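Step one of this worksheet: look at the structure below.
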Protein chains: 2
Amino acid sequence: MSEQSAESKQLRVVVADDQAAVREPLAAVLGLADDIEVVAAASDGSEVLAAVAAGPVDVVLMDLRMPVMDGIEATRRLGEEFPDVAVVVLTTFADDDSILGALGAGARGYLTKNAGRQDITRAIRAAAAGQSVLDREVQDRLLATARTKAPAQGPQQGQSLPADLTRREREVLALIGQGLPNRGIAERLFISEATVKTHINNLFAKADIRDRADAVRRAIEAGLA
Amino acid sequence: MSEQSAESKQLRVVVADDQAAVREPLAAVLGLADDIEVVAAASDGSEVLAAVAAGPVDVVLMDLRMPVMDGIEATRRLGEEFPDVAVVVLTTFADDDSILGALGAGARGYLTKNAGRQDITRAIRAAAAGQSVLDREVQDRLLATARTKAPAQGPQQGQSLPADLTRREREVLALIGQGLPNRGIAERLFISEATVKTHINNLFAKADIRDRADAVRRAIEAGLA
DNA sequence: CCCGATCTCCACCCATGGGTCCAGGTGCCA
DNA sequence: TGGCACCTGGACCCATGGGTGGAGATCGGG
């Protein structure tokens, strides 16, 4: 997720769009950024897979509507065969099916075509770094979809954890929920294993958690993991 | 959304975190970016509102858990009174309530504390440009929440587990997922604890499960618990 | 009739987890 | 200037978990 030195790494990008009138100028303008190198252009999903297989690629800038193999399918296959390649979707459509389909297939970014050059380059850099960049409207749709179902769905949701848990205790619980052993938690938080155990003892007592397995369940239940 | 010229505009940023040990170095390191200027530091939500009211501000980097007024409430009020100010959340927690709460209150970005300097500065620039930047885990949670409701997903039972698990191994896994210790599992199945351990060893190997915590997660994921 | 899969159980070993008690340091607030 | 909450850490103890190797019993199918 994090990198220490400046964005010095050269990002190898594949541009995929079935319309040459979009693809060519896009590739040209991206090449202007000195940390981005457009290593291939593709006009459908299978060409993307071929290009990625041919050489090292960091990010694919992907249109969704393409003949032969569409962008969602290509994204899905990339995730299976080349999980280290990040996909940023660039399309004119921002309907729920496209958004959920693409992100569900593993896309890290989703831009609409009113995004500017800066927006696109930024999304490419973010995706390469493991972040996700969405256009505002996309974000809003995604959020709206998520919110219609999540809130107030059951009585056990909100107060599943006592309120008097400390910051540190919550962090520890979250990491337990992610399956880390005490040593791993200690390393992650830059504290000693003894301290981790102290936090665990305290939070187990406060939240009435019996053991680690119970803690994992509670963490997942509370959405911490 | 788009801007044509390079990122020449100086971004005025407010850093909000109740822990000075986090706030101070964060503000310092952000000032290193030549297009970012930290114009204020705040230790709770009301200080954020005061700082924004005092001078022109482009982006607020906001912690969630703060005394007096928390980050979500502050974000909500900023949206009402200063809709042009973008909020990027930077917190240690990535639970559903926090994510949906913050984004629902209008935050444009959501980062966890394992984000590096580049990640944070990128998110600030994106937010100022109207984009949304999320950490990968945050994006995954948001997507998972959105997907559980949107598509008609029927009973998705055991596809996440290998098919060659025996009946007994599945039973044991389910009981692990319910938080039972080996002795409890043994009693439940009327077998000895030694046998339970044997099953556990076998199923861990088959399903590539590392330890009990991992098993709990897998069991829940597979719908066994 | 033997083979293989499954279930059952044992002994042994060591790492990890969970509990207890204690104590120093910090920062905040009355 | 106290007290208090929180984070940090150490020592110690014992229970549990996880791994290895082996072994006997049952049952079904080739």
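Owing to the predicted nature of the structure, the values given are computational and were not obtained by experimental measurement.
Across all non-hydrogen atoms, the minimal contact from A:V216 to B:A213 is CG2-CB, 3.6 Å. The two atoms that bring A:L142 and B:Q139 nearest to each other are CD2-OE1, 4.2 Å, heavy atoms only. Closest heavy-atom contact between B:L64 and B:S98: CD1-CB, 3.7 Å. The shortest heavy-atom contact between A:A219 and A:G177 is CB-CA, 3.8 Å. Here the shortest heavy-atom pairing between B:A123 and B:L111 reads CB-CD1, 3.7 Å.
In this entry the distance linking CG of B:D44 with P of C:dC28 reads 12 Å, nearest Å. Spacing between atom CZ of A:R167 and atom P of D:dC6 amounts to 12 Å, rounded to whole angstrom units. A:R210 places its CZ atom 14 Å from the C1' atom of C:dG18, with the value rounded to the nearest Å. Rounded to an integer number of Å, the gap from CG of B:D164 to C1' of C:dT6 is 13 Å. Atom P of nucleotide C:dA5 and atom CG of B:L165 are separated by 15 Å, given to the nearest angstrom. The distance between atom CZ of B:R170 and atom P of C:dC7, rounded to the nearest whole Å, is 12 Å. As a whole-Å value, the separation of A:I200 CD1 from C:dT20 P is 14 Å. Atom CD of A:E169 is separated from atom P of D:dC6 by 7 Å (rounded to the nearest Å).
Under a 3.5 Å cut-off, the side chain of A:E169 and the backbone N or O of A:N202 do not form any donor-acceptor pair.
Salt bridge status for B:K197 with B:E193: absent, with no side-chain N to carboxylate O gap under 4.0 Å. Ion pair A:D96/A:R141 flagged as a salt bridge, since at least one NZ, NE, NH1 or NH2 atom sits closer than 4.0 Å to an Asp/Glu carboxylate oxygen.
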Are there any protein N/O atoms within less than 3.5 Å of an N/O atom in nucleotides 27-30 of chain D, and if so, which ones and at what distance?
none

Using a cutoff of under 3.5 Å, can you pull out all pairs of nitrogen or oxygen atoms linking the protein to nucleotides 20-23 of chain D, with atom names and distances?
none

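For the contact set between residues 181-192 of chain A and DNA chain C, defined by any heavy atom under 4.0 Å, the members are A:P181, A:N182, A:R183.
Taking only side-chain nitrogens and oxygens, A:T195 comes nearer than 4.0 Å to OP1 or OP2 of D:dG9. An OP1 or OP2 oxygen of C:dT8 is reached within less than 4.0 angstrom by a side-chain nitrogen or oxygen of B:H199. Contact check, A:R212 against C:dG18: a side-chain N or O comes under 4.0 Å of OP1 or OP2.
Here the NE2 atom belonging to B:H199 is positioned 4.5 Å from the CD1 atom belonging to B:I191, to the nearest 0.5 angstrom.
Among the nucleotides C:dC9, D:dG9, D:dG18, the one closest to any side-chain atom of B:A194 is C:dC9.
Counting heavy atoms from C-beta outward, A:D70 and A:E73 have side chains that approach closer than 4.5 Å.
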